[in-house]
K.L.:
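Could you have a look at this structure, given as structure tokens, before my questions?
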Amino acid sequence: MTYDLVRGMYDILPDEIPWWQLAEDAVREMARRYNYREIRVPLVEHTELFTRGVGEATDIVTKEMYTFQDRGERSLTLRPEGTASVARAYLTHGWQTREPFQKLFYLGPMFRYEKPQKGRNRQFHQYGIEVLGALDPSVDAEVIAFAWSLMEILGLGGRILDCKETACQSFIAQAPGSADHLCPECAAHFEAVQGWLNRLGLAYDMDPRLVRGLDYYTRTVFELMSSDLGSQDTLIGGGRYDGLIEMLGGPPTPGIGFAGGLERLVLVLRERRANDVKTERLDLFIATVGEEGRRVGMKLATELRRLKKISISVDIDHRARTLRKQMAQANQLYARTVIVLGEDEARVGRGKLKDMDSGEEREVPLDPESLAELVYPACDDGCAGGCAGGCGGDSCSDHGN
RNA sequence: GGGAGCGUGGCGCAAUGGCUAGCGCACUGGGUUGUGGUCCCAGGGGUUGCGGGUUCGAGCCCCGUCGCUCCUCCCA
């Protein structure tokens, strides 16, 4: 091993990707249902955005930021969280005057210089939502409902939800705990939020000691926790940040949102839904024999892949392996069908199409369109887990885990 | 930041301080010339995380260092 991974960084390998996509798809699906639009903000921002936005005194700012100077001697920082950047984008694009009410979500890598641990790396991934421009308690309820729905769609419902409201940020610092010390409006807001949660049937526990680590939180703060994680048991954390936009130089604008860690979600999903991720099957493997077979095979493969009307996955041997090895390879790819092409097939323009599950073979013409139709997976049982594509059917197998 | 444990081929493991560091999985090739998932045979791949020390002799012991895991802390 010549190069080691940088501490806190890690590769997500192809075998693990299905779990990530399961989690990411769920976030996107829920964003669609709740009508939140995706926003993609840069990984790099001016350092000051975070020192002012997240807070000078927070752990994130004082000891966890990846800060560096660029060639223009600007102090830049790899984003440690998403909210500050989204708030910045809100102002950058003048939304405060044009379209002050925004419902947004994001998904992507964040960076914090921390001691790596299970479910906590230096480059990690968060998803989150933000609602800007509305102070109504129903928004708090919607945001919490979103978090709740997300856990449900992932099959992780029934976990614990903590909810707490404190007064303003300064108040958190001075007197953590005690819902009695709330300012009158805050108390009313808190009561209203609870009313909504009850009406929506969202279970929650009050935790008077819950204090979140970011300076910008005000009023409502909440967490969703999982019993399946060790010491990193917070799945989602969020709250209201009514002072943030103003702190960044904009007009007074209320905001609320939450963020969750993707790797923790993936850990829990692997734990609880071990059998739900299906391995994708290859629709057709083209096995070739000899030079002529290779020529015909490559041409056919490319034509099949370029078809406009029908989408099938096709692969072909590139290492001039024996037919036997190519069959084994097709098997490893969970190929649904295999077609063997050699000189004979090239000459007559027909080939033998083998069904890898039944073992049956039949003669077929080498015409791309008709072949694609023969190979295209039938729609019988819908494969759970959201296989791509238009077929409601068997584009998954139960071979893998 | 504090505490504990662990680092041996890609992965999972083995090796009373003593021969060329083994095994499983995976990988590559073969089991007559063009057919898979089983099976059989063969093969490649490790300066035992790194650096020092003790010893006639270290993968095993000691020190340091880096990394990983867990707890605590913080959080997503």
Side-chain angles (χ1 to χ4, degrees), chain A residues 1-11 13 15 23 27 54 58-64 79-83 106-129 147 150 210-214 217 221-226 229-239 257-268 282 285-290 292-293 317 319-346 351-361 397 399:
Chain A
M1 183 64 76
T2 35
Y3 289 99
D4 291 328
L5 235 17
V6 171
R7 184 157 152 86
M9 307 292 160
Y10 69 111
D11 301 312
L13 300 176
D15 284 348
V27 172
V54 176
T58 59
D59 278 3
I60 291 180
V61 168
T62 54
K63 47 193 180 195
E64 296 176 356
R79 64 180 190 193
E81 58 110 52
T83 302
Y106 60 84
L107 195 60
M110 308 289 167
F111 302 83
R112 289 186 203 173
Y113 195 90
E114 289 188 279
K115 191 161 145 186
Q117 243 172 72
K118 188 178 192 176
R120 183 168 74 193
N121 298 283
R122 289 182 175 177
Q123 176 177 336
F124 61 105
H125 300 77
Q126 280 191 337
Y127 56 91
I129 71 170
L150 182 61
L210 180 63
V211 176
R212 316 225 71 259
L214 307 180
Y217 283 122
V221 293
F222 66 95
E223 287 186 354
L224 265 76
M225 309 198 292
S226 167
L229 295 165
S231 52
Q232 271 75 56
D233 61 352
T234 302
L235 237 27
I236 283 180
F258 69 69
L262 249 338
E263 18 286 273
R264 287 182 193 179
L265 208 46
V266 168
L267 279 173
V268 178
L282 182 74
F285 187 89
I286 300 178
T288 65
V289 181
E292 189 55 26
D317 170 67
R319 294 181 291 177
R321 313 228 289 171
T322 64
L323 221 215
R324 179 188 175 78
K325 299 296 181 189
Q326 291 184 59
M327 292 304 291
Q329 187 185 346
N331 216 103
Q332 252 187 344
L333 295 169
Y334 301 127
R336 204 187 313 282
T337 60
V338 170
I339 191 165
V340 180
L341 299 180
E343 285 186 31
D344 301 347
E345 290 83 0
K352 264 175 293 179
L353 183 66
K354 179 168 186 169
D355 182 308
M356 291 296 275
D357 296 329
S358 66
E360 290 165 18
E361 285 187 303
S397 80
H399 289 270

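Each chain gets a letter, A, B and so on, in the order the sequences are listed, and its residues count up from 1.
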K.L.:
Rounded to the nearest Å, what distance is computed from the CZ atom of residue Arg324(A) to the P atom of nucleotide rG31(B)?
P.N.:
8 Å
K.L.:
rU69(B) and rG37(B): how far apart are their C1' atoms, nearest whole angstrom?
P.N.:
37 Å
K.L.:
Can you tell me whether the side chain of Gln326(A) and the base of rU35(B) have a donor-acceptor pair closer than 3.5 Å?
P.N.:
no
K.L.:
Are Met327(A) and Lys354(A) side-chain neighbours, meaning at least one heavy-atom pair lies under 4.5 Å?
P.N.:
yes
K.L.:
Taking any strand in view, what nucleotide pairs with rA76(B) in a Watson-Crick or G-U wobble way, both distances under 3.5 Å?
P.N.:
none
K.L.:
Which listed nucleotide (rC73(B), rG30(B), rG37(B)) is nearest to the side chain of Gln117(A)?
P.N.:
rC73(B)
K.L.:
Taking the side chain as everything from C-beta on, heavy atoms only, tell me whether Arg7(A) gets closer than 4.5 Å to Lys115(A).
P.N.:
yes
K.L.:
Lys325(A) side chain: which of rA76(B), rG34(B), rG30(B) is closest?
P.N.:
rG30(B)
K.L.:
Describe the nucleic acid contact of Gly82(A) in one word from base, sugar-phosphate, nothing, applying a heavy-atom distance below 4.0 Å.
P.N.:
nothing
K.L.:
Which of these nucleotides, rG36(B), rA76(B), rU35(B), is closest to any side-chain atom of Met356(A)?
P.N.:
rG36(B)
K.L.:
Can you check whether Glu81(A) reaches Arg112(A) side chain to side chain, under 4.5 Å on heavy atoms?
P.N.:
yes
K.L.:
Taking Gly8(A)'s backbone N and O only, do any of them form a donor-acceptor pair with Gln123(A)'s side chain (distance below 3.5 Å, no angle check)?
P.N.:
no
K.L.:
To the nearest Å, give me how far apart CE (Met327(A)) and C1' (rG31(B)) are.
P.N.:
18 Å
K.L.:
Counting only side-chain nitrogens and oxygens, does Arg264(A) get under 4.0 Å of the OP1 or OP2 atom of rC75(B)?
P.N.:
no
K.L.:
Answer with yes or no whether Lys354(A) presents, from its side chain, a donor or acceptor under 3.5 Å of a partner atom in the base of rG36(B).
P.N.:
yes
K.L.:
Checking only heavy atoms, does the side chain of Glu345(A) share a donor-acceptor pair with the base of rG34(B) at less than 3.5 Å?
P.N.:
yes
K.L.:
To the nearest Å, give me how far apart NZ (Lys352(A)) and P (rG34(B)) are.
P.N.:
12 Å
K.L.:
OP1 or OP2 of rU28(B) sitting under 4.0 Å from any side-chain N/O of Arg321(A)?
P.N.:
yes
K.L.:
Name the nucleic acid region contacted by Ala330(A), choosing base, sugar-phosphate or nothing; use a 4.0 angstrom heavy-atom cut-off, strictly under.
P.N.:
nothing
K.L.:
Using the P atoms only, state how far rA4(B) lies from rC62(B), rounded to an integer number of Å.
P.N.:
15 Å
K.L.:
Between rG34(B), rA76(B), rU35(B), spot the one nearest the side chain of Thr234(A), thanks.
P.N.:
rA76(B)
K.L.:
Does Glu114(A) contact rA76(B) through a side-chain donor or acceptor facing the base, at a distance under 3.5 Å?
P.N.:
yes
K.L.:
Using atom NZ of Lys118(A) as one end and atom P of rU72(B) as the other, report the distance to the nearest whole Å.
P.N.:
13 Å
K.L.:
Using whole Å, report how far CD1 of Ile286(A) lies from C1' of rU35(B).
P.N.:
16 Å
K.L.:
Could you let me know what rC60(B) is paired to, Watson-Crick or G-U wobble, both distances under 3.5 Å, or none if it's on its own?
P.N.:
none
K.L.:
Between Leu224(A) and Phe258(A), is there a side-chain heavy-atom distance shorter than 4.5 Å?
P.N.:
no
K.L.:
Test side-chain contact (heavy atoms from CB on, under 4.5 Å) on Leu235(A) and Arg264(A); report intermediate values, then the result.
P.N.:
CA-CA 7 Å; Leu235(A) 237 27; Arg264(A) 287 182 193 179; 4.1 Å; yes
K.L.:
Looking across every strand, which nucleic acid part, if any, lies under 4.0 Å from Gln332(A) by heavy atom: base, sugar-phosphate, or nothing?
P.N.:
sugar-phosphate
K.L.:
What's the gap between rC68(B) and rG53(B) when it is taken at their P atoms, as a whole Å value?
P.N.:
28 Å
K.L.:
Against Leu323(A), only a single residue in Val289(A), Asp317(A), Thr288(A) fulfils side-chain contact (heavy atoms from CB on, under 4.5 Å); can you say which?
P.N.:
Val289(A)
K.L.:
On a whole-Å scale, what distance lies between the C1' atoms belonging to rC50(B) and rC66(B)?
P.N.:
7 Å
K.L.:
If you go through the side-chain atoms of Arg7(A), does one of them form a donor-acceptor pair with the base of rC68(B) closer than 3.5 Å?
P.N.:
no
K.L.:
Mark yes or no for a side-chain to base donor-acceptor pair under 3.5 Å between Arg120(A) and rC75(B), with no hydrogen or angle criteria applied.
P.N.:
no
K.L.:
For rC6(B), which nucleotide is its Watson-Crick or G-U wobble mate, given both distances must be under 3.5 Å?
P.N.:
rG67(B)
K.L.:
rG36(B) P sits how many Å from Leu323(A) CG, rounded?
P.N.:
9 Å
K.L.:
For rG45(B), what is the paired nucleotide under Watson-Crick or G-U wobble rules, both distances under 3.5 Å?
P.N.:
none
K.L.:
Would you kindly give the OH-to-C1' distance between Tyr113(A) and rA76(B), to the nearest whole Å?
P.N.:
20 Å
K.L.:
At less than 3.5 Å, do the side-chain atoms of Lys115(A) and the base atoms of rG2(B) form a donor-acceptor pair?
P.N.:
yes
K.L.:
I need the CZ-C1' distance between Phe222(A) and rA76(B), as an integer number of Å.
P.N.:
12 Å
K.L.:
Is Gly293(A) touching bases, backbone alone, or none of the nucleic acid, heavy atoms closer than 4.0 Å?
P.N.:
nothing
K.L.:
Hey, what do you get for CD (Glu64(A)) to CZ (Arg122(A)), rounding to the nearest 0.5 Å?
P.N.:
10.0 Å
K.L.:
Only pairs with both distances under 3.5 Å count, Watson-Crick or wobble alike; so what is the partner of rC23(B) in this structure?
P.N.:
rG12(B)
K.L.:
For a quick check of understanding: with a heavy-atom distance under 4.0 Å over all strands, which category does Phe258(A) fall into, base, sugar-phosphate or nothing?
P.N.:
nothing
